[in-house]
Number of protein chains: 2
Amino acid sequence: MDNVLSVIPLGGLEEIGMNMMVMEYGEDMIIIDSGLMFPEEDMLGIDFVIPDFTYVVENKDKLRGIVLTHGHEDHVGALPFLLREVDVPIYGTPLTIGLVREKLREHKLDHVELVPVKPRDIVTLGVFEVEFIRVTHSIVDGVGFGIKTPAGLIVHTGDFKLDPTPVDGQLMDFHKFSEYGEKGTVLLLSDSTNAEKGGFTFSEKEVRRAFEDIFSTAKGRIIIATFASNIHRIQQVFDVAAMFGRKVMLSGKSMIANAQIALDLGYLKIPPDTWVRLEELRNLPDKETVLITTGSQGEPMSVLSRIATDEHKSIKIKQGDIVILSAKMIPGNERAIGRIINHLFRRGADVIYEKVSEIHVSGHASKEELKLMLNLVKPKYFMPVHGEFRHKVYHARLAEKTGTPHENVFIMDNGEVLEIADGIAQRTGAVTSGRVYVDGKGVGDVEEMVLRDRRRLAHDGIVMILIGLEKITGNIASGPDIISRGFVFEDASQDVINDVREMVANSLREHDSEIRGDKALMQAKIRSVLKKYLRNTMDRYPMIMPIIFEV
Amino acid sequence: MDNVLSVIPLGGLEEIGMNMMVMEYGEDMIIIDSGLMFPEEDMLGIDFVIPDFTYVVENKDKLRGIVLTHGHEDHVGALPFLLREVDVPIYGTPLTIGLVREKLREHKLDHVELVPVKPRDIVTLGVFEVEFIRVTHSIVDGVGFGIKTPAGLIVHTGDFKLDPTPVDGQLMDFHKFSEYGEKGTVLLLSDSTNAEKGGFTFSEKEVRRAFEDIFSTAKGRIIIATFASNIHRIQQVFDVAAMFGRKVMLSGKSMIANAQIALDLGYLKIPPDTWVRLEELRNLPDKETVLITTGSQGEPMSVLSRIATDEHKSIKIKQGDIVILSAKMIPGNERAIGRIINHLFRRGADVIYEKVSEIHVSGHASKEELKLMLNLVKPKYFMPVHGEFRHKVYHARLAEKTGTPHENVFIMDNGEVLEIADGIAQRTGAVTSGRVYVDGKGVGDVEEMVLRDRRRLAHDGIVMILIGLEKITGNIASGPDIISRGFVFEDASQDVINDVREMVANSLREHDSEIRGDKALMQAKIRSVLKKYLRNTMDRYPMIMPIIFEV
């Protein structure tokens, strides 16, 4: 439609993850971020989830560019999949572009045009003029956007917190946000992740204090697990290590790759000779070493997990080691992380984690910071983004408290369209949206039905019944043979297996050869008889697969 | 052995759950608690886990009795299974016995002798004199034990916190614990659950304040989800409801059963006419009603879950409802709980939960309380119980800080034996121990191998290949046919299925009829070819089941 701006979230408004926002005006369209989500616990076997971007593909002629807020996976992780379908330049700050370049190289998408942009620069994409605005967050070089559109000014905060003492000295650009407030902004889109939390989020610098405390008394090796993308945290480890005369080794492919990119671009400043390799590290006394690694979420194949279970080929935990899990325990991972902590303690390490020390701070704004952002931008309309429903509700309440009228706050779902024309915003409809599952190399070939089967198989396994019937008479020629997987420990349950065999044989004999010849019918009958039997005797519900063949 | 006391934990020392402690002296044995554990996330399809009590069954002639600290499932949940194997009286406080009686009735174990015991009473079981000592905890009528043995005095705290203002007015019996300290206690066994947490745990009464705040401003219905066993919490809801002129309905089978037992025994005191049934509730104005229900952990079939997803037949959420999740979010359940919260918000309720309000307090002692217990009892030896390794480590540190020498602190695993003779304790060996999985009606018929299969099936599903070979020639008579479950969405992946079929057919043709006749060999070959193909093309690892039959 003419003279109408459409704002369409395709992901990130019903989850923490897969952030993707479309803006469209006339013949021009831009996308803000294109991220993935890590699977929830019932998405069995799924590696990650990306937004359904059918709508973008259908309108790819309009697409003028993708602008990125920062380099976290939940903002850039779906790019390799989107870029198979559309060919369009990508704009981001230098570190974001550096991380994306590496990712696209792995996916053999080197041809994509990547454009580094400095904060306060403006990128013109069709009718959209996108200004990059520095924010502070748990990754270096994050930005939000001020977007000039024919329908008015839009502000998108990106992921942010108000860190008054950022590690890299790059302050939040309050001045730009207040400029947009002063000029009059029609719509603010702001990060809802921590909208449930009162007060202010601590500065990243607070972590340094905890590190200094630990380093000052440590007598052995120090091992620190954190996210590979947390360049600030890595910087602080290097700084504190240098202060206490320790050398640092990085472990884990993504950790090394990210640090190298940040180093090359000047975002990571390593004191001379502080970064060493494993061989050098081994020649140093324990009290002069630090190892930074991935695996803070208890991932079973990570370096930390292998160290914790004595499966790492060169690093063995010993008395005097200190292991610091410098990361949030993401809900769903606590038990896996807890097991790693137990293994490490058992092997003699002292383990320091979020629950017992201040060795992590969040990267997202808490209530007071969110209110300040609302105060600065003073938007006419407000849409909470980056959160589940509950986070959006809490954020919406803050908006109302700070003066946005209730009817001007839009709690939207993925796919819903907010239209702005003549200074008036309204919800008008929805476009195709949803979640696409990525499993191995397959994108979208695992759907809800397949997951239902996996859940069923996971819960009680599968019982296969093999029966050979004579072609002419329909008499049983072989079987019934029972094969099961994930059902019962077969040695222990020969009785059950025998009962099942007997029951199927009886069920076959009850019917005449004509019915026995009807495979589908016989399968249904066997399934029904067995299902009832297993429910009554064992209270279990395995998948039952009668396989009938003619001999 | 003579003159030797053996202390043998059979569960609860490597997990929060399945608590069970054996004490043995000469020809006498007693058991403290016999609990279950809820499954960890990789124990697919398992309903719960109980300790392996082989050692008890092998020595059942010695067993003089089971004493119970309190009625939580992690302390009494394995009783129905243990009592199929041993016939022995059970001692507990009246509420604990009331809850156990109900449980044994469900398992048709009514014949078991259940003996209610008051705090400060002493039960003599062979050489053991077990004194019941009142503690405060999140369930009514909890106790610890002072146990006089020929090898000295032992104190077991049970699960406790030091609540100075308990809801039922029943104070922690500090005097008894200090008496055991004064008399000289050889070994203290104490609850490690919150040993990572600094400070003091809040009193249960603090929750009342939060309830009063909420009730005083609520204009619609109030729905409160909590654990069915939390009689204190239920008491406080009734009290606050009466204060604000609201009637209370209880929902959920276990909730009603527990409240009725507590009411009958005088542990729950309900103001007249406050407990109403659903029919009465429906005739009352919204602002005069409270519903207490289970489902605080996001359990999919619970009343709360059904209400949240509009599947409850009579209760529909509407604008103005307040839902309070008055319980800890147990790690592993956060995402399920988060989804329920989202559903409730979406339907217009205001939802109040641990993260945003003080509507729950823990039932376990934090560091300062644990130190006070250590100060009171002044044990010669200390064994932290009720915790994972990390909790035991933190608790052991507290013991050392309060004066127990390092070498007198025993961090034990399940099955390990601590022997005490002539005032000296030492670790001497181990007995059979472990975890037994309960799945439906099956106890122990699901072992690690079955779980491995379930995890495999859960991750990538199963592919079955059906092949009919001619008996004499070994030629392919039918198939290969491919059936898969939980693998790929079949409509979307006909190509893969066709490729697989082709590949198996080729693999068969490559071999002469003699080899084709060797079923096991052909199965192995097909498996190997397919595994490689699926790894390379799809990066997936389904279970592969070649099924070859002769025609």
Side-chain angles (χ1 to χ4, degrees), chain A residues 14 40-41 44-45 196-197 331-332 334-336 338 341-343 345-346 351 355-356 388-390 393-394 439-442 444-447 449-451 453-462 464 466 468 478 483 485-489 492-493 496 537-540 543 545 547 549-551, chain B residues 14 40-41 44-45 196-197 331-332 334-336 338 341-343 345-346 351 355-356 388-390 393-394 439-442 444-447 449-451 453-462 464 466 468 478 483 485-489 492-493 496 537-540 543 545 547 549-551:
Chain A
E14 299 178 42
E40 299 185 355
E41 72 281 9
L44 299 173
E196 292 167 315
K197 287 208 189 129
E334 288 98 339
R335 286 186 145 190
I341 294 172
N342 289 333
H343 288 308
F345 266 128
R346 194 177 277 277
V351 194
K355 209 168 177 178
V356 299
E388 299 173 15
F389 201 87
R390 56 190 167 132
V393 167
Y394 273 93
D439 179 359
K441 295 182 184 168
D445 64 349
V446 171
E447 301 199 354
M449 204 178 72
V450 174
L451 289 184
D453 281 348
R454 288 185 185 172
R455 285 194 281 266
R456 182 90 178 278
L457 290 165
H459 201 273
D460 282 321
I462 184 167
M464 289 160 274
L466 311 184
S478 72
I483 308 177
R485 288 290 183 276
F487 172 51
V488 286
F489 184 53
S493 306
V496 178
T537 56
M538 308 186 72
D539 197 18
R540 292 203 198 155
M543 191 173 274
M545 297 280 296
I547 295 170
F549 49 88
E550 286 178 344
V551 174
Chain B
E14 300 178 42
E40 298 183 357
E41 72 281 10
L44 299 173
E196 293 167 313
K197 286 207 188 131
E334 288 97 339
R335 287 186 145 191
I341 294 172
N342 289 333
H343 287 308
F345 266 127
R346 194 177 278 276
V351 194
K355 207 167 179 180
V356 299
E388 299 173 16
F389 202 86
R390 57 191 168 129
V393 167
Y394 273 93
D439 180 359
K441 294 181 184 168
D445 64 349
V446 172
E447 302 199 353
M449 205 179 71
V450 174
L451 288 185
D453 281 349
R454 286 185 186 173
R455 285 193 280 267
R456 182 92 179 278
L457 291 165
H459 201 274
D460 282 323
I462 185 168
M464 290 160 274
L466 311 184
S478 73
I483 308 176
R485 287 290 182 278
F487 172 53
V488 287
F489 184 53
S493 306
V496 179
T537 55
M538 307 186 74
D539 196 19
R540 294 206 197 152
M543 191 173 274
M545 297 282 295
I547 295 168
F549 48 87
E550 287 178 345
V551 175

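Chain naming here is simple, since letters A, B, ... match the order of the sequence lines and numbering starts at 1 in each. These values consider heavy atoms only, across backbone and side chains, with no hydrogens, waters or symmetry-generated copies.
Residue B:Ser478 does not touch chain A at all, counting heavy-atom pairs closer than 4.5 Å. With a 4.5 angstrom heavy-atom cutoff, B:Leu466 touches chain A only via side-chain atoms. Proximity to chain B is limited to the side chain of A:Ile547, based on heavy atoms less than 4.5 angstrom apart. For A:Phe487, the part lying under 4.5 angstrom from a heavy atom of chain B is the backbone only.
With a 4.5 Å cut-off on side-chain heavy atoms, A:Arg485 and B:Met545 count as touching. Residues A:Glu41 and B:Arg335 have side chains in contact (heavy-atom distance under 4.5 Å, counting atoms from C-beta outward).
Residue with the most contacts toward chain A among B:Met543, B:Arg456, B:Glu334, B:Glu550: B:Glu334 (heavy-atom pairs, distance under 4.5 Å). Of the listed residues (A:His343, A:Glu14, A:Lys355, A:Arg455), the one with the most heavy-atom contacts under 4.5 Å to chain B is A:Lys355. With chain B as partner, the option from A:Gly440, A:Gly332, A:Gly486 having the largest number of non-hydrogen pairs under 4.5 angstrom is A:Gly486. Residue with the most contacts toward chain B among A:Val351, A:Leu451, A:Val446, A:Val393: A:Val393 (heavy-atom pairs, distance under 4.5 Å).
Interatomic distance, A:Phe549 CZ to B:Phe549 CZ, rounded to the nearest 0.5 Å: 5.5 Å. To the nearest 0.5 Å, the span separating CG on B:Asp453 from CD1 on A:Ile462 amounts to 11.0 Å.
Scanning for side chain to side chain donor-acceptor pair (under 3.5 Å) contacts around A:Arg540 gives B:Asp439, B:Asp445, with sequence neighbours left out. For the side chain to side chain donor-acceptor pair (under 3.5 Å) test, residues two or more places apart in sequence or in another chain that qualify with A:Arg390 are A:Glu196, A:Glu388.
By the 30° and 60° cut-offs, the orientation of the rings of A:Phe345 relative to B:Tyr394 is perpendicular.
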